[in-house]
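Here is the structure we will look at, set down as structure tokens.
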Amino acid sequence: MSNQVPEDGTFLPLMEEFYTIQGEGYHTGKAAYFIRLGGCDVGCHWCDVKESWDAELHPLTSADVIVEHALQHPAKTVVITGGEPLLYNLTYLTQKLKEAGIKIFLETSGAYPLTGYWDWICLSPKKFKGPREDVLSAAGELKVIVFNKSDFQWAEDHAKFVNANCKLYLQPEWSKAAEMTPLIIDYVKDNPRWEISLQTHKYLNIP
Ligand SMILES: C[S@@+](CC[C@H](N)C(=O)[O-])C[C@H]1O[C@@H](n2cnc3c(N)ncnc32)[C@H](O)[C@@H]1O
Ligand SMILES: Nc1nc2[nH]cc(C(=O)O)c2c(=O)[nH]1
Ligand code: SF4
Ligand SMILES: [Mg+2]
């Protein structure tokens, strides 16, 4: 799938870049430049960006050019997402962003080895391909998607493997939000170490 992507991370399959507001999790509400890399084989049936899955549909793009684009926006913060960004060696891209004075946040399922330099890691683990220990221990936030009732216990099972200061979020799966949000509200009231995360950009109709 990602065969032609050079292992040194100087070129990466870029699906899209956009300047918006971080809609989810700990940094909700902050302006950030989003870099969405193509390629994912985790296979979440409810994934809201399935167009990202096939890396070959997304042009190999110079990491230096991505950094230049990121610098053209007032907020010196980027979110690297996908697809599954940790499919690739992110050392080069994050090093260049860091040298340019940009704060770097990651959105990942944690299914692949952690590479790169990060100011914040949002780990959203998946049943379909579980998270690795290196990503669990580096996560600043654990953001579990709630698609059905069994996901509360699944969230607790994974919370055992993150650091004591890792933030814990429950986020309704978008197509089930009407059904799951009230359950999450009750769960957070009963278990206040968890907080609710909403996909606020979808309510705001922004990217
Ligand atoms: C599209 S994923 C890309 C990054 C990485 N592959 C991952 O899953 O974390 C970005 C974020 O959107 C969340 N997400 C994807 N589809 C969703 C949906 N239908 N409802 C709620 N959250 C969703 C993921 O769990 C993840 O936190
Ligand atoms: N506004 C906005 N915030 C986001 N936070 C994480 C996203 C993602 O798809 O990784 C996302 C996204 O797609 N849009
Ligand atoms: S891991 Fe992320 S990009 Fe991959 S299918 Fe799941 S939600 Fe979509
Ligand atoms: Mg999204």
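Start at 1 and go down the list; that is how both ligands and their atoms are numbered. All figures in this text were calculated on a predicted structure; none of them were measured in a lab.
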Item checked: Atoms in ligand 1 flagged as close to Gln199, the criterion being non-hydrogen separation under 4.0 Å -> 20 (N), 21 (C), 22 (N), 23 (C)

Notebook entry, point to check: Side chain or backbone of Gln199 under 4.0 Å from ligand 2, or both, or neither, by non-hydrogen atoms?
Noted result: neither

Notebook entry, point to check: Is Thr108 reaching over with its side chain to a backbone N or O of Glu84, donor-acceptor style, under 3.5 angstrom?
Noted result: no

Check: Any idea which atoms of ligand 1 are less than 4.0 Å away from a heavy-atom of Trp174?
Finding: 18 (C), 19 (N), 20 (N), 21 (C)

Next item on the list: Number the atoms of ligand 1 from 1 as they appear, then name those within less than 4.0 Å of a heavy atom of Gly82, with their elements.
Entry: 1 (C), 3 (C)

Item checked: Under 4.0 Å to a heavy atom of Thr108 - the qualifying atoms of ligand 1, by number -> 5 (C), 7 (C), 9 (O)

Notebook entry, point to check: Does Leu90 offer a backbone N or O that forms a donor-acceptor pair with the side chain of Thr115 under 3.5 Å?
Noted result: yes

Notebook entry, point to check: Which residue supplies the protein heavy atom nearest to atom 10 (O) of ligand 2, what is that atom called, and how far is it?
Noted result: Thr81 OG1, 2.6 Å

Item checked: Location of contacts on Ile145 toward ligand 1, heavy atoms closer than 4.0 Å -> side chain

Notebook entry, point to check: Tell me: protein heavy atom nearest atom 13 (O) of ligand 2, and distance?
Noted result: Arg36 NH2, 2.9 Å

Checklist line | Which of the ligand 1 atoms, numbered from 1, are nearer than 4.0 Å to a heavy atom of Glu173 | finding: 18 (C), 19 (N), 20 (N), 21 (C)

Margin query: Among all protein heavy atoms in this structure, tell me which lies nearest to atom 3 (N) of ligand 2, with the distance rounded to 0.1 Å.
Written below: Gly23 N, 3.0 Å

Notebook entry, point to check: Does a salt bridge link Arg193 with Glu156, judged by any charged N lying under 4.0 Å from a carboxylate O?
Noted result: yes

Margin query: So if I count the atoms of ligand 1 from 1 in the order they appear, which ones are less than 4.0 Å from some heavy atom of Glu107?
Written below: 4 (C), 5 (C), 27 (O)

Notebook entry, point to check: Which protein non-hydrogen atom lies closest to atom 6 (Fe) of ligand 3, naming both residue and atom, and how far is it?
Noted result: Cys44 SG, 2.3 Å

Next item on the list: Please state which part of Cys40 comes within less than 4.0 Å of ligand 3, counting heavy atoms only: side chain, backbone, both or neither.
Entry: side chain

Note to self: Taking the basic N atoms (NZ, or NE/NH1/NH2) and the acidic carboxylate oxygens, is any pair closer than 4.0 Å for Lys143 and Glu107?
What the structure shows: yes

Item checked: Distance from atom 7 (C) of ligand 2 to nearest protein heavy atom, with residue and atom -> Phe34 CE2, 3.7 Å

Notebook entry, point to check: Short list, please: which atoms of ligand 1 are under 4.0 Å from a heavy atom of Pro172?
Noted result: 20 (N), 21 (C)

Check: Taking heavy atoms and a distance under 4.0 Å, where does Asp48 meet ligand 2: side chain, backbone, both or neither?
Finding: neither

Check: Quick one: which ligand 1 atoms are inside 4.0 Å of a heavy atom on Gln171?
Finding: 21 (C), 22 (N)

Next item on the list: Run the salt-bridge test on Glu17 and Arg36 with the 4.0 Å N-O cut-off and return the result as yes or no.
Entry: no

Note to self: I'd like the name of whichever of Gln171, Glu16, His201 reaches closest to atom 14 (N) of ligand 2 through any heavy atom.
What the structure shows: His201

Notebook entry, point to check: Using a distance-only test with no angle check, is there a side-chain donor-acceptor pair under 3.5 angstrom linking Tyr112 and Asp41?
Noted result: yes

Note to self: Between ligand 3 and Trp53, can you find any atom pair, the residue atom being a heavy atom, that is separated by under 4.0 Å?
What the structure shows: yes

Next item on the list: Can you pull out the closest protein heavy atom to atom 5 (N) of ligand 2? Residue, atom name and distance to 0.1 Å, please.
Entry: Gln22 OE1, 2.5 Å

